[in-house]
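Here is the structure we will look at.
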Amino acid sequence: MTLRVRSSSLLWGLFVALGSAVLVLRLQQPGHPALPRLTVALLLLLTLRLTALVRDWRAGQLPPTRLLLPAVLLAEGLGLAMAGASPTATTVRFATAAGLEALLLVLAARTLRQTRTLPGNWPEDRIATAFAAFVPPRAARLMALELVMLGSALHFLFGGYRQEAPEGFSHHREAALRAILPALPLMIPGDFLLTNTLLKGTAPWLRWLLHGSSVYGVLWLVGYYATLKARPHRLRNGRLELNLGLLKSVTLPAGQVLAASPLPAFDDDWARHAYMKGVEKLVAKGNAMLELKLSVPVQVTGLLGPGRPTDRLAVSVDDPSAFLAALGRPCA
């Protein structure tokens, strides 16, 4: 199983590298002599990947919907490679790609409508479960996180999350991000002017790509702050829920916390780094940090799913005293 996962990752890595090279050449040097060979290699890799997926589907290891996206990419790629083919071949290719794309959109829309009935504590869990029918689980989780993060940013900018934070132990009020958040939108016009000045001779698509990445970065930070505020730490029904916005989360029995205390003072950064080795951090920069020592290791769920087991957690809170009092645990 491990060998198969590594082979799949290598195949996708080669596919992304070749795809990026083909895209850059098509945009900058459409007549480059290496472009046809790179395109053929890219299509060959995609064909190998699709063949492996078909094999896994026939073995009952994958749903048939996982074949749709690679099939669409292959049909579109063949269409580009067959630019000079006969009208009949072009029509067949177009009809095949259009049919696959329509089926993919219909199934994706139907699956997303069903997300509210899927298991999961958070929207990204349910959306990732739906997306996993079409893409690998890690990719599905990343896509779901990005959607919820951007949706949270837009909701925040248009008036959402302006009310008081939900009940719990917040860690957004003292976060450094809160202080710089109002200034972030003001940086976008300056970024536009600076990029246009420094990259005046570059291709327009590259400048617009950089502009888009700047806007996306601002939205991402706004979404992160919004989810940081909307998801405080909570102690409910004997269970401790720790969150770092959308980035990290873990739930464990409160009795599993052996000790909770502020971090000790360090003489230098090297000592701090050595002490924090192996500690999973759910920390918003700028506010107080506590260390929790656990009787049983836990796995913190991050961007790509559960991480390594750890029996030490670092968490940030706005009111450390209230958090420690609620836990009722002796300080280490």
task: Check for a donor-acceptor pair, side chain of His171 on one end and backbone N or O of Ser316 on the other, with a separation under 3.5 Å.
output: yes
- prompt: Distance-only, no hydrogens or angles: does the Asn243 side chain make a donor-acceptor pair with backbone N or O of Pro232 under 3.5 Å?
  reply: yes
Please examine the side chains of [Y] and [X], heavy atoms only from C-beta on, and report whether any two atoms are closer than 4.5 Å.
X	Y	result
Leu282	Leu247	no
Thr227	Ser152	yes
Val315	Leu244	no
Phe169	Glu241	no
Glu291	Met289	no
Leu53	Leu62	yes
Leu242	Leu292	yes
Trp57	Arg66	no

- request: Using distance alone, with no hydrogens and no angle criterion, decide if Ser170 and Asp318 have a side-chain donor and acceptor under 3.5 Å apart.
  value: yes
field: Residues which pass salt bridge (charged side-chain N to carboxylate O under 4.0 Å, His left out) with Arg239, listed by chain and number, not counting sequence neighbours
entry: none
Under-4.0 Å salt bridge between Asp125 and Arg141: yes
Within one Ile-Leu-Val-Met-Phe-Trp-Tyr cluster: Leu263 and Leu313, side-chain cutoff 4.5 Å: no
query: What pairs meet the salt bridge (charged side-chain N to carboxylate O under 4.0 Å, His left out) rule with one or both residues in residues 273-286, with sequence neighbours excluded?
result: Lys248-Glu280
